Every structure is written in structure tokens, then in C-alpha cells.
Amino acid sequence: MLSLKIHHVGYLVKKMDAAIHTFHNLGYQTIQDTVYDDIRKVDICFLEKDNYCIELVSPTSADSVVAGLLKKYKNCPYHICYETEDFDNDYQSLTANGYIAIDTPTPAPALQNREVVFLTNASAGMIELIKATQSD
Ligand code: NI
């Protein structure tokens with residue numbers, strides 16, 4: 001049994017500052033200023049509107065993990081991230097049921113170094129799984 005809660009929608013953008021400005025004009029507020037993720041070579045900024053959280057992701061170099069995606073799809077939403085209280089179980093369950101991991105669980109600097117992993121599914125596209133905040 002999966003225990004997934006939607007955490008954010010990841011949105012590829014070519015120019016971070018221009019994107020932030022444009023999303024602000026749509027009524028979004030910045031909830032976390034831009035952080036550089038040196039593992040994935042992307043700038044990441046979190047915005048919120050109507051209790052929806054949007055993650056702007058912008059590659060900072062040609063060998064960024066999303067540079068190819070941006071080239072292909074331009075500015076667009078490209079993954080939904082799900083938070084789970086039971087990361088190991090849900091990760092295993094998804095990979096046993098048609099999801100293919102495209103990286104390994106790695107800390108996300110823009111998300112308090114919580115562990116995340118990306119998976120793809122033939123019918124649902126790309127998803128991200130993030131470990132729920134430890135309640136310690
Ligand atoms: Ni994300």
C-alpha cells in the first residue's frame with residue numbers, strides 16, 4: 001500500500017529570474033529562494049499559490065540532468081513529486097510495479113537534504129519520490 005502525498009509540481013524553466021517574475025505576476029509567492037543543487041547542476045526555487053507548490057528548475061550547465069529535457073520540451077511542467085512516510089517501501093513497491101528508477105536515492109540540497117529519487121512510468125511519465133520530514 002503506497003502512502004503518497006503530492007508535494008510539488010516540478011516546472012522546467014530556461015531563465016530562472018524571468019520565470020520567477022512571471023509566476024509572481026500570476027499570483028505565486030516565493031516560499032524558498034533559489035538554491036543551487038550541485039548534484040544535479042540546477043537552480044531550484046519554490047513558489048506557492050492556492051496551496052499548490054511549484055518547483056522551478058533551471059539547468060545551469062549543458063551537462064545538467066535536465067538540460068536535454070529543457071531543450072526538448074522548453075518551459076513546462078515535467079514531474080509531480082510525492083512525499084512518503086515510508087520511502088523504502090514505496091520506492092520498492094513502485095519499481096516492482098512498472099516504474100523504472102532513473103537515478104538512485106540522493107539528498108536534495110533544495111529540500112533540506114531529504115532523500116529523493118526520480119522514476120519513470122510508461123503511462124504516467126516522470127515522478128519524484130521524497131522522504132517525509134523525520135519527526136525526531
Ligand atoms: Ni521536484
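As the structure is a prediction and not an experimental result, all values here were calculated from the model. Position 1 is the first residue of the sequence, and the numbers go up from there.
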What pairs of donor and acceptor atoms, side-chain ones from residues 80-90 against any protein atom, are under 3.5 angstrom apart with sequence neighbours left out?
from  : atom 1 : to     : atom 2 : distance (Å)
Glu83 : OE2    : Arg114 : NH2    : 2.3
Thr84 : OG1    : Ser3   : OG     : 3.4
Thr84 : OG1    : Asp86  : N      : 2.8
Thr84 : OG1    : Asp86  : O      : 3.4
Thr84 : OG1    : Asp90  : OD2    : 2.6
Asp90 : OD2    : Ser3   : N      : 3.1
Asp90 : OD2    : Ser3   : OG     : 3.2

Under 3.5 Å, which donor-acceptor pairs do the side chains of residues 20-28 form with other protein atoms, sequence neighbours left out?
from  : atom 1 : to    : atom 2 : distance (Å)
Thr22 : OG1    : Ala18 : O      : 2.8
His24 : NE2    : Thr30 : OG1    : 2.7

Value rounded to 0.5 Å, distance of [atom1] in [X] from [atom2] in [Y]:
X: Cys76; Y: Leu69; atom1: SG; atom2: CG; result: 8.0 Å
X: Tyr78; Y: Lys72; atom1: OH; atom2: NZ; result: 14.5 Å
X: Ile31; Y: Leu47; atom1: CD1; atom2: CG; result: 7.5 Å
X: His7; Y: Ile130; atom1: NE2; atom2: CD1; result: 5.0 Å
X: Leu94; Y: Ile127; atom1: CG; atom2: CD1; result: 5.0 Å

### Task
Could you walk me through whether Ile54 and Lys49 pass the side chain to side chain contact (heavy atoms under 4.5 Å, CB included) test, one step at a time?
CA-CA 8 Å; Ile54 305 290; Lys49 177 172 168 57; over 6 Å; no

### Message
Test: salt bridge (charged side-chain N to carboxylate O under 4.0 Å, His left out). Region: residues 7-29. Which pairs qualify, not counting sequence neighbours?
### Response
none

So [Y] and [X], do their side chains get closer than 4.5 Å, heavy atoms only?
X: Val65; Y: Phe118; answer: no
X: Val57; Y: Arg40; answer: no
X: Leu56; Y: Thr34; answer: no

### Task
Provide the closest heavy-atom pair for Val13 versus Asn75 in the form atom of the first, atom of the second, distance.
CA-OD1, 3.1 Å

### Query
Taking all non-hydrogen atoms of both residues, which atom of Pro105 and which atom of Val117 are closest, and how far apart?
N-CG2, 3.8 Å

### Task
For residues 51-69, pull every pair meeting side chain to side chain donor-acceptor pair (under 3.5 Å), keeping only residues two or more places apart or in separate chains.
His8-Glu55, Lys41-Asp63, Glu55-His79, Ser61-Asp63

#### Entry: Check: Glu128 side chain, Val116 main-chain N or O, donor-acceptor pair, under 3.5 Å
no

### Message
Check for me, please, whether Tyr11 and Met126 land in the same ILVMFWY cluster - side-chain distances under 4.5 Å, paths through other members count.
### Response
no

### Query
Any link between Leu12 and Ile44 through a network of hydrophobic side chains (Ile, Leu, Val, Met, Phe, Trp, Tyr) touching at under 4.5 Å?
yes

### Summary
salt bridge (Lys or Arg N to Asp or Glu O under 4.0 Å) filter on Glu48, not counting sequence neighbours, yields none

### Query
Would the number of heavy atoms belonging to other residues, nucleotides or ligands and lying under 6.0 Å from OH of Tyr36 be above 12?
yes

### Message
Just checking Asn113: does its CG atom have more than 12 heavy atoms from other residues, nucleotides or ligands closer to it than 6.0 angstrom?
### Response
yes

### Query
To which residues is Val35 joined in a hydrophobic cluster, defined by side-chain heavy-atom contacts under 4.5 Å among Ile, Leu, Val, Met, Phe, Trp and Tyr, whether direct or through other members?
none

Ignoring hydrogens and angles, write down the donor-acceptor pairs under 3.5 Å from the side chains of residues 95-102, residues two or more places apart or on other chains.
from  : atom 1 : to    : atom 2 : distance (Å)
Thr95 : OG1    : Tyr91 : O      : 3.1
Thr95 : OG1    : Gln92 : O      : 3.0
Asn97 : ND2    : Ser93 : O      : 2.7

